[in-house]
Enquirer: 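Submitted below is the structure of interest, expressed as C-alpha cells.
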Amino acid sequence: MEVVVSGIRPTGSLHLGNYFGAMRNFVKMQHQDNCYFFIADYHSLTTHPTPGDLHGNVKRVLVDYLAAGLDPEKVTLYLQSDLPETAELYLFLNMNAYLGELERCTSFKDKARTQPENVNAGLLTYPTLMAADIILHRANKVPVGKDQEQHLEMTRTFANRFNRMYKVDYFPEPVAYNFGEELVKIPGLDGSMKMGKSEGEGNAIFLSDTPEAIKKKVMKAVTDSGPTEPNSTKPQAIENLFTLMKVVSATETVAHFEELYNTCQIRYGDLKKQLTQDMIAFTEPFREKIADLSANEEYLRKVVNMGAEKAHESAAKTIRDVRDIIGFRKF
Ligand code: TYM
C-alpha cells in the first residue's frame, strides 16, 4: 500500500483551488492508500506569527476536510501541532539544508517581496518543515496543486541527502501526485492566475460561501468587451472563467459557451449567470455539512484526538529510527 501525506494551511475556509488542486484527490485516495492528512498550523506562523484566530481557522479547515468527505476512521486526520515529532525532524533536516538552495525557492522569494517587514527564518526554512511533514511518515505520494511542485522537488533533495549523508536507504522519494494527470492550478475570479486566500477580495470562492456571496463575486469577475474575430485566443481573464466553468459545469454547458465565444455571440452576463448557478449547486452539499459539523464540537474533538494518536504511532517510529541512524544513543 502507498503512503500518502498532504496538508493545508489554516488561513480560513477552503476555496475551490484547494478543493480541485488537492482535497478532491485526498477524498479519492482514502479508499486505496494509507493516508495522513493534516492541518499545517505550524506553517501558518511563517506568514502570521501572531495569528488572530488560529484555533478558529484550524476548526474551519477541519470542518471543511470532513465536509469534503474525508472519513476519519479511514484516514489519519490530525493537526501538525499535535505532532511535535515534526519539529524534531525539521531540526535535523535544517542541519543539512543550505542557505543558497532555500533562498532560491520561489515561494520564499515571493514572500520576501510581499512581506519585506517580516522575512523570518521560518519563511526561509518553510521547505524543510514541509519535507519533515512528508517524510515523517515515509510517504511516497503527495496530492497537491501545481504551486507545490518545487517544494516536492526540495523534499526529494532533503530525503536523498539524508540517505546519502548517513549511508542508509531509509526515506523514499515522495512525488507530487494527481492520478497520473498534470498537477492542477485553479485561477482566480479577478483575472489572476491563481485562486488563493491571500489574493484579495473577490478572487476566491469558498466552500462555505453563501449563494449570495458566490453570485456577487462571479458577477464582479473581470471580463472585456468580447471577441471581435471568430476563433480568437481568449484573454487571461476570460480563459479563467472558462477554466472555472470546466470544473463545476457540465461538459455540454462549456461546449455551448465555447461555441458562442468562437462565433463572437457570447454575452458574458449569461456566462456569469450560468457559472453562478453551477457554483452554487456544486457547493450546496458542502454548505449543509459545514453548518452541521461546526456545531458539533464534541465530534471534532474526538476526530482530532484519534488523529493525533494514530499519527503519533508512525511519527514516533520514524524519529526513533532517525535518532539511531544519526547516532544518538541512550546511556
Ligand atoms: P496551501 O495551504 O496553500 O494549499 C493547500 C493545497 O491546495 C492547493 N491549492 C491549489 N491548487 C490548485 N489551484 C489553486 N488555486 C490552489 N490553491 C491552493 C495547494 O497546492 C495545496 O495542495 N505548503 C502547503 C501546505 C503543506 C503541505 C505539507 C502540503 C504543508 N506541509 C506537506 C503537502 C505536504 C501549502 O501552503 O498549501
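When a ligand or atom number is given, it counts from 1 through the structure's own listing order.
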Enquirer: Could you tell me whether M195 and ligand 1 have an N or O pair separated by under 3.5 Å?
Expert: yes
Enquirer: May I ask you to check if ligand 1 and H151 share an N or O to N or O distance below 3.5 Å?
Expert: no
Enquirer: Return the closest protein heavy atom for atom 13 (N) of ligand 1 as residue, atom name and distance.
Expert: I186 N, 2.8 Å
Enquirer: With respect to atom 24 (C) of ligand 1, which of H43, Q148, R9 exhibits the smallest heavy-atom separation?
Expert: Q148
Enquirer: Has K197 got any heavy atom lying under 4.0 angstrom from an atom of ligand 1?
Expert: no
Enquirer: Between D292 and K289, is the closest basic N to carboxylate O distance under 4.0 Å?
Expert: no
Enquirer: May I ask you to list the atoms of ligand 1 that are less than 4.0 angstrom from any heavy atom of G145?
Expert: 11 (N), 19 (C), 20 (O), 22 (O)
Enquirer: Out of all atoms in ligand 1, which are within 4.0 Å of some heavy atom of K194? Include the element for each.
Expert: 15 (N), 17 (N)
Enquirer: What do you reckon, are the aromatic ring centroids of H151 and Y126 less than 6.0 Å apart?
Expert: yes
Enquirer: Are any of the N/O atoms in D133 less than 3.5 Å from those in ligand 1?
Expert: yes
Enquirer: Any carboxylate oxygen within less than 4.0 angstrom of a Lys/Arg side-chain nitrogen, looking at E153 and R156?
Expert: no
Enquirer: Do Q115 and L123 touch side chain to side chain, with heavy atoms closer than 4.5 Å?
Expert: yes
Enquirer: I'd like the name of whichever of T46, T11, D147, N18 reaches closest to atom 5 (C) of ligand 1 through any heavy atom.
Expert: N18
Enquirer: Determine, for R329 against D324, whether the closest basic-nitrogen to carboxylate-oxygen distance falls under 4.0 angstrom.
Expert: yes
Enquirer: Begin from the C-alpha positions of E309 and N305 and carry the test side chain to side chain donor-acceptor pair (under 3.5 Å) through to its verdict.
Expert: CA-CA 6 Å; E309 203 173 303; N305 288 340; over 6 Å; no
Enquirer: Name the option, out of P187, P143, S6, that contains the heavy atom nearest to atom 33 (C) of ligand 1.
Expert: S6
Enquirer: Under 4.0 Å from any heavy atom of I134, which atoms of ligand 1 are there?
Expert: 32 (C), 34 (C)
Enquirer: Please identify which atoms of ligand 1 are closer than 4.0 Å to at least one heavy atom of K185.
Expert: 12 (C), 13 (N)
Enquirer: Just distances here: any N/O of G17 and N/O of ligand 1 closer than 3.5 Å?
Expert: yes
Enquirer: Roughly how far, to the nearest 0.5 Å, is the CD1 atom of I205 from the CG atom of L189?
Expert: 5.0 Å
Enquirer: Could you tell me whether ligand 1 has any atom less than 4.0 Å away from a heavy atom of F20?
Expert: no
Enquirer: Could you tell me which non-hydrogen atom of N203 sits nearest to which non-hydrogen atom of G196, and how far apart they are?
Expert: OD1-N, 2.9 Å
Enquirer: Of G7, A139, P174, which has the heavy atom at the shortest distance from atom 29 (C) of ligand 1?
Expert: G7
Enquirer: So, regarding A40 and ligand 1 (criterion: nitrogen or oxygen to nitrogen or oxygen, under 3.5 Å), is there a contact or not?
Expert: no
Enquirer: If the cut-off is 4.0 Å to any non-hydrogen atom of V142, which atoms of ligand 1 fall inside it?
Expert: 33 (C), 34 (C)
Enquirer: Please say whether more than 12 non-hydrogen atoms of neighbouring residues, nucleotides or ligands are located less than 6.0 Å from CD in E298.
Expert: no
